[in-house]
Amino acid sequence: RPTTIRSMALALAGPRMAAEGHEMVTPRVAELLIDRLWGSVGAQDGHLGRLERSIDFSRALRSTLEDVRLAGLSPDELDAADFEVEAKRDEIARLLRAYLDELQEMGLVDYAGALRMARRELEKSGLPHNVLVLLPDRGRGHYARLERRLLEALPPSSVVTLDIDSPASPPAAPGDGDVNFFRALGAANEVREVFRLCMAGGIPLDQVEVLHTDADTYVPLFLEMSQVLVEEDDTGGKNRRVTFAEGIPVRYSRPGRALAGWLDWMAEGFPRLMLRNLVQDGLLGLPDEGDDVSFSELADALRTVPVYEGRDSYLSAIDRRMQTVQSKLNGAQKRDDDRAGEHERALHRLRVLRTMVQDLLRVTPAGRPGGCGLLELARQFLKTCARGTAEFDEFGRQKLLDEIDQVQSVADGHEGELSLDIAEWLASLPAESTAGGQGPRPGALHVSHALSGGHSGRPHTFVVGLDDARFPAAGGQDPVLLDDERKELSDALTTAPLRREQQFERLWRTLSGLRGRVTLSYPCRDLVDDRELFPAPPLISAYRAVSGRRHADQRDFLKANDLQEPVSFAPGAPEASADEAGWYLWKLCRGGGMRDRRDEVAARFPHLQRGLSAARNRADDRFTPHDGLVPAAGEPNDPRRQDGPVVSSHRLQTAGRCPRRYFFQHVLDVEPPDELEYDPDEWLDALEVGTVLHNVYHDFVERMKDEGRPPDPDRDREKLLELLDERMEQEKSD
């Protein structure tokens, strides 16, 4: 079965680690340990110690120490090295020594330690007699020094070295000679073209592997396209017809989005609009009694709740709204009004909303705590409040919980020693974490990185993102251990030029090993920055290898492959449309156009047809129903008729002030939505001010009545103000 050197090392060292009570340290825990240790080891007046502490700096330190460890170097060898700045050498050596001591004390083993332990176990016990290791011949430079030593310790009789395609530069023609090229206006159109070519050529998706050069750009784009290609499995679940070798960013899962929204809601002072968006998007779990309520209904209910400030005003505001709706319900039931059912339904939605908000507030602090307190609250939020409906949601939830556990294991009792801002780290966690990585699956297109993929054996391969801005990936010197210092320290340490060279070698090897039909592409324009992009050197090299033209340049490449016109938003043929939107774009832009595009669109979308009809009628000189012509509503609502409605003075005022409002409100019975606008400078709205004053006047008159004397404005002014103060204090407490 396929494995990596890391997995093989853990399998060999695992029994010994378990017997000694050791665990493998994760990158997250390692960088936090280094961050904590650097606060005490790094000299403030030293070379590196003068730099501002941050988790990014600790991440760079971890990467440097890992390189040093995999090169087989010890702290003593660092002490003996000849650095231009001795203080810097001493700081790195001191940190490495403290880091190894801390790992030993915590019962943790890093990757280099696991490799050493695996080699000792291999030399002691060897491999089981029925194990055969098939090792691709990648050359000694492909592995770190300790990895090479482990491979060299394998018994020669148990190892078979497999010949693989030589990574010539430029590479031999990839595939079986069937190589194609295209360029696209932006990476999104490049991804669309992959699916268009599959659709036009009748290529099943599970016969295709896509290799990319930039996960941050291409994984989200393929994920977006996979939403169009979702299919139901035998159990009624939803399966994307795209698999991702590197996993999907957790920010695309419901728990990841919920965590980000919850943190933003707290940071912004608990605004109602942000909570409403969380509810509307279905990111919060429904209470048990809310199975019959949709998230859009709950969001509409929250829209009517007068929440103006702070976390603690939500429940009381919902309660006041429930009292108002209950009063409407009681009145409708007394009048035997048809709207009683509507009010009853609204009351039920408010009850469900209250339970949801109450559960949310249990894990939401009044302020914004930091440290382990916020970590624990985030854990409770993910477990009890964040909603998940798909398998990827649960993968994302578990990934977030695991990351929080790792940070908590180091932060407990050491919060003051860390430079990590817990709130900022949690906010960035969904975007930085990935989950749901899969291998090739039947019925699904497979997406992997160009430097690590290409092993699915599928007959169709697309390599996207071959522009010079993405490949080779930008990377300078190690900011902690510079190239000259690395050369002086050990020839086993990589430098920036060597890492760049290795990127090219790995891509050449990938291209040389492909079989079947290969399509190479690049985005020729960045649509966000509106700037031109150019093909990466490997793309031109591949063209030279295919064409035999050793001195071909970019102009020759574009001309020979008919790439003057890049692929764009509209497909080139109707059969290449991956969805309805693509077909309409083809019809509008490439298929000869439509005779009457509005009618075609209106026939497909009835709500747009009604809108177009209303717009035409409103623009017409004739008086139509869209202008207010409703003859059937006239006679029954004529107050001059004997059996007509009773008109109050308020209705007459409305009719005189605004006939249209009278028509909407008292003839058509159209009520304006209970949309509440939040004004941070306004504590009570007009309705609440009126209610407060009404209650104050009522209490004042009742008190005067009990005392048996008429009110006197001059005499009773102070008493009236006292009643007002009492009522305002009550409003504050509510």
Side-chain angles (χ1 to χ4, degrees), residues 272 276 294 296-308 317-350 353 606-607 609-679 682 684-698:
R272 184 190 56 176
R276 183 187 169 198
S294 69
S296 59
E297 288 178 322
L298 289 177
D300 287 341
L302 183 57
R303 180 172 56 86
T304 67
V305 174
V307 179
Y308 293 113
I318 295 174
D319 290 339
R320 288 198 298 271
R321 181 61 185 169
M322 289 173 63
Q323 292 173 3
T324 301
V325 175
Q326 183 68 57
S327 299
K328 291 182 179 180
L329 174 60
N330 295 339
Q333 289 174 338
K334 289 180 181 178
R335 297 190 305 270
D336 197 19
D337 194 332
D338 292 339
R339 294 186 180 180
E342 179 183 336
H343 295 318
E344 189 171 357
R345 178 72 177 171
L347 190 61
H348 175 61
R349 289 195 292 265
L350 287 167
L353 177 65
H607 63 290
Q609 183 179 23
R610 292 192 295 270
L612 291 171
S613 174
R616 282 195 295 265
N617 282 305
R618 290 296 301 274
D620 199 296
D621 293 336
R622 295 176 297 111
F623 186 55
T624 69
H626 296 91
D627 302 298
L629 178 61
V630 189
E635 286 193 16
N637 290 280
D638 187 353
R640 299 171 299 174
R641 290 168 53 93
Q642 185 68 26
D643 56 347
V646 177
V647 180
S648 65
S649 59
H650 179 69
R651 280 198 180 192
L652 288 174
Q653 288 177 347
T654 302
R657 185 184 304 113
C658 182
R660 175 178 289 182
R661 176 177 295 181
Y662 180 90
F663 175 67
F664 285 159
Q665 186 172 353
H666 301 295
V667 177
L668 298 183
D669 287 334
V670 176
E671 294 184 359
D674 294 327
E675 182 67 50
L676 296 170
E677 298 296 334
Y678 173 66
D679 182 356
E682 182 183 79
L684 300 176
D685 60 20
L687 178 61
E688 290 174 317
V689 169
T691 302
V692 168
L693 292 177
H694 179 275
N695 291 333
V696 169
Y697 295 146
H698 177 271

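It should be emphasised that the depicted structure is a prediction, and the values quoted were computed from it without experimental measurement.
Asn637 CG to Tyr662 OH: the interatomic distance, rounded to the nearest 0.5 Å, is 7.0 Å. One distance of note links NE2 of His626 with CZ of Arg610; it measures 10.0 Å at 0.5 Å rounding. Taking NZ of Lys328 as the start and CG of Leu347 as the end, the distance is 12.0 Å to the nearest 0.5 Å. Here His666 contributes atom NE2 and Ser648 contributes atom OG; the two are 6.5 Å apart, rounded to the nearest 0.5 Å. For the atom pair CZ (Arg276) and OG (Ser296), the distance works out to 10.0 Å, reported to the nearest 0.5 Å.
Considering only heavy atoms from C-beta on, Asp300 stays 4.5 Å or farther from Glu297 through its side chain. Counting only heavy atoms from C-beta outward, the side chains of Arg651 and Pro639 never approach each other to under 4.5 Å. Side-chain atoms of Thr324 and Arg320, non-hydrogen and from C-beta on, never get closer than 4.5 Å to each other. Between Arg349 and Arg345, the closest side-chain pair of non-hydrogen atoms falls below 4.5 Å.
Closest heavy-atom contact between Val325 and His343: CG1-O, 3.4 Å. The nearest pair of heavy atoms linking Glu344 to Leu329 is N-CD1, 4.0 Å. Of all the heavy atoms in Pro306 and Ala317, the pair that sits closest is O-CB, 3.5 Å. Considering all non-hydrogen atoms of both residues, Thr304 and Ala301 come closest at OG1-O, 2.7 Å.
Between the side chains of Gln326 and Asn330, at least one donor N or O sits under 3.5 Å from an acceptor N or O.
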message: Using side chain to side chain contact (heavy atoms under 4.5 Å, CB included), reason through Asp319 and Met322 one step at a time and then give a plain yes or no.
response: CA-CA 5 Å; Asp319 290 339; Met322 289 173 63; 4.2 Å; yes
- prompt: Passes side chain to side chain contact (heavy atoms under 4.5 Å, CB included), Thr624 versus Arg618? Steps please.
  reply: CA-CA 8 Å; Thr624 69; Arg618 290 296 301 274; 5.5 Å; no
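Using cut-offs of 30° and 60° for the angle between ring planes, the His694 and His698 rings count as parallel.
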